[in-house]
2 protein chains.
Amino acid sequence: MSEASDPQTTGLRERKKARTRQLIQEHGLRLFREQGYEATTVQQIIDAAEVSESTFFRYFPTKAEVVLVDDFDPILVSSFLAQPPGLTAIQALRASFRDTFGALSDDETAAMKERNELVVTVPELRAAMLDQLSSTMQVLGEAVAQRTGRPPNDPAVRTLVGAVVGVAVAVELVLFDDPTADLVALLDEAMGQLEAGLRL
Amino acid sequence: MSEASDPQTTGLRERKKARTRQLIQEHGLRLFREQGYEATTVQQIIDAAEVSESTFFRYFPTKAEVVLVDDFDPILVSSFLAQPPGLTAIQALRASFRDTFGALSDDETAAMKERNELVVTVPELRAAMLDQLSSTMQVLGEAVAQRTGRPPNDPAVRTLVGAVVGVAVAVELVLFDDPTADLVALLDEAMGQLEAGLRL
DNA sequence: CTTCATCTGAAGGTAACCACCATTTCGCCG
DNA sequence: CGGCGAAATGGTGGTTACCTTCAGATGAAG
């Protein structure tokens with residue numbers, strides 16, 4: 001019984017591996033949220049997850065990696081590139097945000113909000129986010145350049161992407177004041193405002 | 001250290017203190033740029049700056065603080081609030097950026113560019129910037145709210161500030177490709193584009 | 001049963017950071 | 001101008017936590 005071409009034949013080993021990884025990450029994130037990032041030692045994490053220190057570092061080469069859950073960038077980009085050609089770049093971005101985040105299951109939405117709130121609340125974790133942010137800018141910039149037929153280093157492209165990402169961050173920061181906020185709706189509204197030239 | 005000893009101008013002690021602080025910071029930033037943040041030990045910094053470890057930690061409670069050069073936020077805010085009332089928020093922000101950064105001396109401009117390039121180039125340092133960024137968003141948000149007579153947590157205000165800060169970051173990231181870029185001009189252009197609704 | 005990947009436990013390295021005290025340097029005032 | 005109190009600096013030793021390495025146990029796969 002060997003479905004050789006089916007990667008879903010995972011085997012017990014693979015499943016255990018994934019489970020261990022997830023276990024460590026869950027406990028890590030929980031402890032980070034409860035006590036702060038710096039205040040949480042890997043010792044506490046491995047105690048909670050019941051693995052050895054060696055195992056921890058085999059899965060996460062550094063403590064900070066526990067937070068780096070690779071995100072929605074690829075989904076966002078493909079959604080963006082699939083938007084109808086009539087739209088402006090901003091409109092297309094707005095639509096792909098709506099599509100991507102609107103299509104999430106309740107569980108996924110909750111998990112995302114959980115993680116966002118954690119990142120927004122704990123200063124040390126906000127730091128870890130910036131690298132991901134600049135990478136997001138890079139990726140989005142390439143997509144926008146491709147769609148509009150401009151060079152990827154076009155200042156106008158960069159400005160647009162910077163504004164969009166900045167707005168997205170600003171929306172996430174709302175969680176700081178109001179943890180129950182509906183991020184998808186807020187983001188959509190903000191993008192509309194961006195498009196209208198931010199008249200205030 | 002054999003400097004021509006200036007008689008008490010504003011207190012020799014104060015000036016020495018400032019000088020030591022600046023010395024440590026200069027060497028720290030240089031080493032960070034040359035070798036990366038993590039790869040640079042405070043031992044190397046204090047060797048280069050010729051101070052003791054105690055002194056280092058007396059000036060900078062943590063290694064990361066070496067990068068946190070207190071910035072232009074207050075100048076920016078007061079300039080913003082002093083703009084003529086006819087302008088929209090974005091126009092006023094644009095003008096205050098132009099005023100603030102255009103008025104810098106050559107030395108200051110060079111220093112700022114140096115620091116920006118460092119922060120943009122070294123991934124570990126970009127992280128340290130984010131806290132400052134969110135604090136900037138906070139401060140700018142309050143100023144914009146005050147000027148427009150809106151509550152500080154108005155979503156529209158947040159969106160505007162998010163976009164502006166995002167654009168500023170995007171402009172800084174240009175240094176990654178082109179270290180000779182004129183940031184002030186680029187920023188001004190980008191702000192104009194923001195105001196026009198980012199049509200692409 | 002054999003093989004091979006994974007987990008563990010222990011032991012150690014390194015570097016940030018701190019507490020404490022000796023030493024030097026500066027401000028000031030008699 | 002000379003010396004005294006305060007402040008800044010230097011050095012020493014120590015703690016903590018991230019991270020590495022490796023020999024050996026465990027359990028899955030064939």
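Remember, predicted model here, so these are calculated numbers, not experimental data. Chain letters run A, B, ... following the sequence lines, proteins first and then strands; every chain starts at 1.
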Inset, instruction - Kindly say if Lys17(B) contacts the phosphate of dA8(D), meaning a side-chain N or O under 4.0 Å from OP1 or OP2. - result: yes
Inset, instruction - Flag the pair Phe101(B) / Phe72(B) as yes when their ring centroid distance falls below 6.0 Å, and as no otherwise. - result: yes
Inset, instruction - Side chain of Phe57(A) only, please: which of dC18(D), dA10(C), dG11(D) is the nearest? - result: dC18(D)
Inset, instruction - For Arg21(A) and dT6(C), give me the distance from atom CZ to atom C1', rounded to whole Å. - result: 15 Å
Legend entry - Given dA16(C), dC18(D), dC7(C), the nucleotide with the shortest approach to the side chain of Lys63(B): dA16(C)
Legend entry - For atom CZ of Arg19(B) and atom C1' of dT25(C), their distance in whole Å: 16 Å
Legend entry - Nearest-nucleotide pick for Arg58(B), side chain only, options being dG10(D), dT8(C), dC18(C): dG10(D)
Legend entry - Nearest-neighbour nucleotide for the Thr62(A) side chain, dC18(C), dT8(C), dC19(D) considered: dC19(D)
Legend entry - Sugar-phosphate only, base, or nothing, as touched by Tyr59(A) at under 4.0 Å among non-hydrogen atoms: sugar-phosphate
Legend entry - Distance in angstrom units between Ile24(B) CD1 and dG10(D) C1', rounded: 13 Å
Inset, instruction - Remember a base hit wins even if backbone is also touched, and classify Thr41(B) as base, sugar-phosphate or nothing at under 4.0 Å, heavy atoms. - result: sugar-phosphate
Legend entry - Nearest-Å distance for atom pair CD/C1', residues Glu38(B) and dT14(C): 13 Å
Legend entry - Short N-O contact, Arg30(A) and Glu34(A), less than 4.0 angstrom: yes
Legend entry - Spacing of Phe56(A) atom CZ relative to dC18(D) atom P, expressed in whole Å: 8 Å
Inset, instruction - Would you mind reporting whether Arg158(A) and Val174(B) have side-chain heavy atoms less than 4.5 Å apart? - result: yes
Inset, instruction - Could you please name the option among dA8(D), dC7(C), dT21(D) that lies closest to any side-chain atom of Ser54(A)? - result: dT21(D)
Legend entry - Distance-only side-chain donor-acceptor flag, Glu142(A) / Gln146(A), under 3.5 Å: no
Inset, instruction - Answer yes or no: is there an ion pair linking Asp99(A) with Arg94(A), defined by an N-O contact shorter than 4.0 Å? - result: no
Inset, instruction - Measure the distance from NZ on Lys16(A) to C1' on dA5(C) and round it to the nearest whole Å. - result: 12 Å
Legend entry - Nearest to side-chain heavy atoms of Glu53(A), which nucleotide of dC19(D), dG10(D), dT8(C): dC19(D)
